[in-house]
Structure formats: structure tokens, C-alpha cells
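Before any comments, here is the structure.
Side chains included, hydrogens not; waters and symmetry mates left out as well; all remaining heavy atoms used. Below, chain A is the first sequence line, B the second, and so on; all start at residue 1. Computed from a predicted model, the values in this text were never measured in an experiment.
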Protein chains: 2
Amino acid sequence: MKPANPHPDVDQLHLTDVMSALSDPLRVGIVRVLADGNEQAWGDLRVPVGKSTLSHHLKVLRAAGLTRTREEGTRCYVRLRTEDFETRFPGLLTSVLQAAHQEDVGAQVTLT
Amino acid sequence: MKPANPHPDVDQLHLTDVMSALSDPLRVGIVRVLADGNEQAWGDLRVPVGKSTLSHHLKVLRAAGLTRTREEGTRCYVRLRTEDFETRFPGLLTSVLQAAHQEDVGAQVTLT
DNA sequence: GCTATTGTTCGATGGTCGACGAACATCAAA
DNA sequence: TTTGATGTTCGTCGACCATCGAACAATAGC
């Protein structure tokens with residue numbers, strides 16, 4: 001239940017991990033949904049996969065340092081690590097989000 | 001021997017393909033070597049893998065639209081599709097290269 | 001024509017990945 | 001306390017990937 005994975009420190013983010021995390025359309029979709037900076041509950045993510053698969057994808061995003069997870073009771077909330085990412089890889093997240101929007105990658109992921 | 005793979009058109013580049021291509025340190029290294037815009041002969045690429053593996057990686061980069069291959073006699077030359085890429089995904093290649101430089105990803109790849 | 005160079009292609013191998021369902025753990029609410 | 005909701009973990013499956021060596025094709029140069 002607890003997101004056992006620790007969040008990697010800012011200076012421990014690896015580019016190839018980020019690229020690998022963003023090579024899946026579903027994960028790009030999750031990032032896009034979080035792009036406005038707001039925190040979202042996992043249950044509010046509309047995703048066409050089972051919950052174990054969603055858990056897996058969120059773990060990948062967390063391990064890559066793209067997102068931060070907070071738990072409150074039995075629910076988990078996730079948000080983008082926008083500032084940390086801008087510090088480590090300036091401009092990267094912005095251009096990725098712009099490209100994803102342009103191509104409409106990950107449109108399968110929506111909010112409730 | 002001919003790079004049978006066609007080069008994808010500018011409007012057919014997919015973000016996830018690019019991300020997938022750049023999730024391998026060796027391929028990032030190749031891109032970094034080409035970052036100055038100069039064309040390079042394949043044989044001048046110093047890469048710690050066999051020829052068939054290098055051929056495979058260059059095929060992946062070509063299929064993702066990151067590079068363009070030209071053949072001249074028995075030799076092949078490769079260069080970055082910088083302008084095409086800037087047209088399709090503005091700022092993406094720049095920030096990726098900056099991030100790769102900052103982390104020194106793909107330092108295993110050099111020139112003769 | 002023969003040979004060396006260069007790059008492609010073809011298995012084979014071992015590793016990773018995305019997806020699923022089932023079982024488990026934790027907490028809230030009835 | 002019992003029930004329901006929420007995530008995690010595990011085992012499994014099929015697909016893909018990086019790597020290698022060997023065999024093949026095409027061209028340059030002798």
C-alpha cells in the first residue's frame with residue numbers, strides 16, 4: 001500500500017531513466033495529465049489498464065524522478081516534480097510536454 | 001549493405017520512438033558525437049560494441065528520425081537531422097543534448 | 001578477376017518490459 | 001469487528017531488446 005520506493009534525489013536523476021520512462025505512451029499520458037502542476041489522486045486517473053499495471057507505471061515514473069507520491073490514509077496522490085526537474089534538466093520537461101501535446105500522445109489517460 | 005531503412009518524413013516522427021531511441025546510453029553517445037552538426041563516417045565512430053550491434057543502433061536512430069544516413073561507395077556517413085527535429089519538436093533535441101552533456105551520458109562513444 | 005573493406009542480415013542468447021490476475025496489507029467506515 | 005476501498009507484490013505470459021558471431025552482399029583497389 002505504501003509506495004515503498006523512495007524518491008530519488010535531484011542530483012541522482014539519470015537522463016536515460018527519464019527517456020525510458022517516457023518511451024511509453026501511457027506514462028506520457030499520465031505526465032500530461034499532471035502537467036498543470038496540480039496534485040491528483042490515483043483513483044481519479046482514468047487509465048485503460050488494471051490497477052497493478054497502473055501501480056507499476058507510477059513506480060517507474062517515481063523511480064525516474066518525474067513524479068512525487070504522497071499518501072493520505074489509503075489513498076495516494078501524485079504530482080510532477082516540475083522544479084526539481086527544471087533544476088536538473090533545464091527545458092527538458094517543457095519541450096517534452098509540448099511535443100506530447102503536439103502529437104497528442106497518451107490521450108488514453110484522462111481524469112475523472 | 002545499403003541502409004535499407006527509409007528515413008521517416010518529418011511529420012511522421014513519434015515522440016515515444018525518440019524517447020525509446022534515447023533511452024540507451026550508447027545511442028545518446030552517438031547523438032552527442034554528432035551534436036556539432038558535422039557528418040561522420042561510421043568507421044570513425046569509436047564504439048565498444050561489435051559491428052552488427054553498431055549497425056543495429058544506427059538503424060534505431062535512423063528509424064526514430066534522429067539521424068540521416070548517406071552512402072558513398074562502401075562507406076556510410078551519418079549526421080543529425082537537427083533542423084527537421086527542431087521543426088517537429090522545438091527545443092527537445094537541444095535540452096536533451098544539454099542534459100546528456102551535464103551528465104556525461106554516452107562518453108564511451110568517441111571519434112577516431 | 002581477386003581481395004579487402006564495409007555494412008547488412010540472420011539466428012541465438014540472456015535480459016527486460018508491459019500486461020494480467022490473484023493474494024496480501026493497510027486504513028476508513030459502517 | 002467486519003466490510004469495502006485502495007495499492008503493493010508475486011508469478012506468469014508473450015513480446016521486445018542488446019549483444020554477439022557467422023554468413024552474405026556490394027564496392028574499391030590491386
Side-chain angles (χ1 to χ4, degrees), chain A residues 1-7 14 16-31 39-64 66-79 105-106 108-109 111-112, chain B residues 1-7 14 16-31 39-64 66-79 105-106 108-109 111-112:
Chain A
M1 40 81 179
K2 194 163 295 196
N5 264 22
H7 299 86
H14 298 304
T16 50
D17 291 342
V18 175
M19 292 298 164
S20 184
L22 294 177
S23 64
D24 186 288
L26 198 140
R27 287 194 289 261
V28 174
I30 295 177
V31 170
E39 190 178 60
Q40 298 293 343
W42 296 35
D44 291 341
L45 298 176
R46 276 289 180 274
V47 169
V49 292
K51 52 180 180 177
S52 59
T53 304
L54 175 61
S55 182
H56 160 69
H57 284 304
L58 288 168
K59 184 157 97 175
V60 172
L61 288 174
R62 203 186 320 136
L66 277 159
T67 59
R68 191 177 294 277
T69 289
R70 178 179 66 91
E71 39 166 338
E72 185 175 318
T74 64
R75 290 183 188 169
C76 287
Y77 298 86
V78 61
R79 67 177 189 272
V105 182
Q108 3 161 3
V109 181
L111 286 179
T112 301
Chain B
M1 40 70 101
K2 196 162 293 198
N5 265 21
H7 299 86
H14 297 303
T16 50
D17 291 342
V18 175
M19 293 298 167
S20 184
L22 294 176
S23 63
D24 187 289
L26 199 139
R27 288 194 289 258
V28 173
I30 296 177
V31 170
E39 191 178 59
Q40 298 294 342
W42 297 33
D44 290 342
L45 297 176
R46 276 287 179 278
V47 169
V49 292
K51 305 185 178 197
S52 56
T53 304
L54 175 60
S55 183
H56 161 68
H57 283 305
L58 288 168
K59 185 158 94 174
V60 172
L61 287 174
R62 202 185 322 134
L66 277 159
T67 60
R68 190 177 295 276
T69 290
R70 178 178 66 92
E71 39 164 338
E72 185 175 320
T74 64
R75 290 181 188 170
C76 287
Y77 298 86
V78 62
R79 69 176 189 274
V105 182
Q108 4 161 2
V109 182
L111 286 178
T112 301

Quiz item: C:dG21 base to A:Ser52 side chain: any donor-acceptor pair below 3.5 Å?
Solution: yes

Rounded to whole angstroms, how far apart are [atom1] on [X] and [atom2] on [N]?
X	N	atom1	atom2	value
B:His56	C:dA12	NE2	C1'	15 Å
B:Asp24	C:dG15	CG	P	17 Å
B:Lys59	D:dT19	NZ	C1'	14 Å
B:Glu71	C:dT8	CD	P	9 Å
B:Asp44	C:dG7	CG	P	9 Å
B:Arg75	C:dG7	CZ	C1'	12 Å
A:Lys51	D:dC10	NZ	C1'	14 Å
B:Leu45	C:dT6	CG	C1'	13 Å

Would a distance-only check, ignoring hydrogens and angles, find a side-chain to backbone donor-acceptor pair under 3.5 Å from [X] to [Y]?
X	Y	value
A:Arg62	A:Thr67	no
B:Thr112	B:Asp44	yes
A:Ser20	A:Asp17	no
B:Arg46	B:Leu111	no
B:His7	B:Thr69	yes

Quiz item: Which sits closer to the 5' end of DNA chain C, A:Ser20 or A:Glu72, going by the nucleotide each is nearest to?
Solution: A:Ser20

Quiz item: On DNA chain C, nearest-nucleotide positions of A:Val49 versus B:Thr53: which is more 5'?
Solution: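 Going by which nucleotide is closer to the 5' end, it is B:Thr53.
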
Reckon [X] has a side-chain N or O less than 4.0 Å from the OP1 or OP2 of [N]?
X	N	result
B:Ser55	C:dT8	yes
A:Thr74	C:dA28	no
B:Arg62	C:dT8	yes
A:His57	C:dA19	yes

Quiz item: Relative to the 5' end of DNA chain D, which residue comes earlier, B:Gly50 or A:Gly43, by the nucleotide with the nearest heavy atom?
Solution: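 Taking each residue's closest nucleotide, the earlier one in sequence belongs to A:Gly43.
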
